[in-house]
Amino acid sequence: MITIFISVIILAAISPSIYCWRRQLRLRHLAEARRDIAKSVTEMERLMLKGDIQLGDVSHDFLFQKMRAVQYADDYEVDWTVLKKPSDKARDIAKKLEHELDQEDCPFANNLRQFLTAYFKAFRSRRPFISRFYILYMQILNKSLKYFLMALLLSAVAILALGNTLFRSKKESLYRKASKDFFSQSKAILQS
Amino acid sequence: MLTFGFLKMEGYDEFLTALAEHGPFPAGTVFGCIISAFFFNLASKERVERDKINLEREKELFKQNSLKDERIDKLHQKLAEKNRKDSEE
């Protein structure tokens, strides 16, 4: 009863602090993502100055505009309508972008990767719960849900193993003690 | 006295006995305060980190602006050369 009382008081005392810490952590992740987005846009600017990206390219006309719009955005959204048929315009843009990315020494491939990871990180930190559902949804679509289930199973096994090692039974601890004594005695005999 | 290798915590036993004398409520409050102070410290560190990252982002934005200005200057130079050639012809 006393231990429950103490633990309830402790939990009541520390829960606001834990909430505050988690919130600050989330905001830091968001700030990191926004910085990475700004970095990728700067790199695109540099490529444009060098002349690697030119007017008429999809990377210039479409991608850069989108990236710059994202840079000044406060909210981040993802596309849930993956199963919906895309419009002809969107398909055309995607085809052109794929063609540019398939070329050797594509100047903005790494940049785009950095931008997309940062964008998803921003989405995750902005909407932590919805992002979990989105990941599950994408896993179902990719037929890779089995990996998630495997990870769940493995983590359950790991928790059980950890519990077994941390909270050993009395019998086992006695056995450990006996084995320790045995080893120490044998060591002493060997040294003598 | 409690010892962890090199670390010697003096007055630890006295502290625990003093807490135990007053019962579970003060003990729980004191431990709760210690743990919450730890997490509030962590939160303040995160906040400092966030401020630093925001400053970096601001620098990136200034860099972007300077690059853009450079690009516009280049374009203006080209346009001026073209206009000069046209006027000469």
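Below, chain A is the first sequence line, B the second, and so on; all start at residue 1.
Both the backbone and the side chain of B/Lys68 come within less than 4.5 Å of a heavy atom in chain A. Interface residue B/Leu61: only side-chain heavy atoms are found under 4.5 Å from chain A. Both the backbone and the side chain of A/Met48 have a heavy atom closer than 4.5 Å to some heavy atom of chain B. Neither the backbone nor the side chain of A/Arg26 comes within contact range of chain B; no heavy atoms are under 4.5 Å apart.
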Determine whether A/Ile135 and A/Phe120 satisfy the following criterion, side-chain contact (heavy atoms from CB on, under 4.5 Å), listing intermediate values before the conclusion. CA-CA 11 Å; A/Ile135 290 162; A/Phe120 195 70; 4.0 Å; yes
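Residues A/Met67 and A/Ser40 come closest through the heavy atom pair CE-OG, 3.9 Å. Smallest separation of non-hydrogen atoms from A/Cys106 and A/Glu100: SG-O, 3.5 Å.
Within 6.0 Å of CZ in A/Arg124 there are 12 or fewer heavy atoms belonging to other residues, nucleotides or ligands.
The greatest number of non-hydrogen atom pairs below 4.5 Å with chain A, out of B/Gln64, B/Arg50, B/Glu56, B/Lys52, is found for B/Gln64. Of the listed residues A/Glu32, A/Gln71, A/Arg23, A/Arg46, the one with more heavy-atom pairs under 4.5 angstrom with chain B than any other is A/Gln71.
Taken together through direct or relayed side-chain contacts under 4.5 Å among Ile, Leu, Val, Met, Phe, Trp and Tyr, A/Leu101 and A/Phe64 form part of one hydrophobic cluster.
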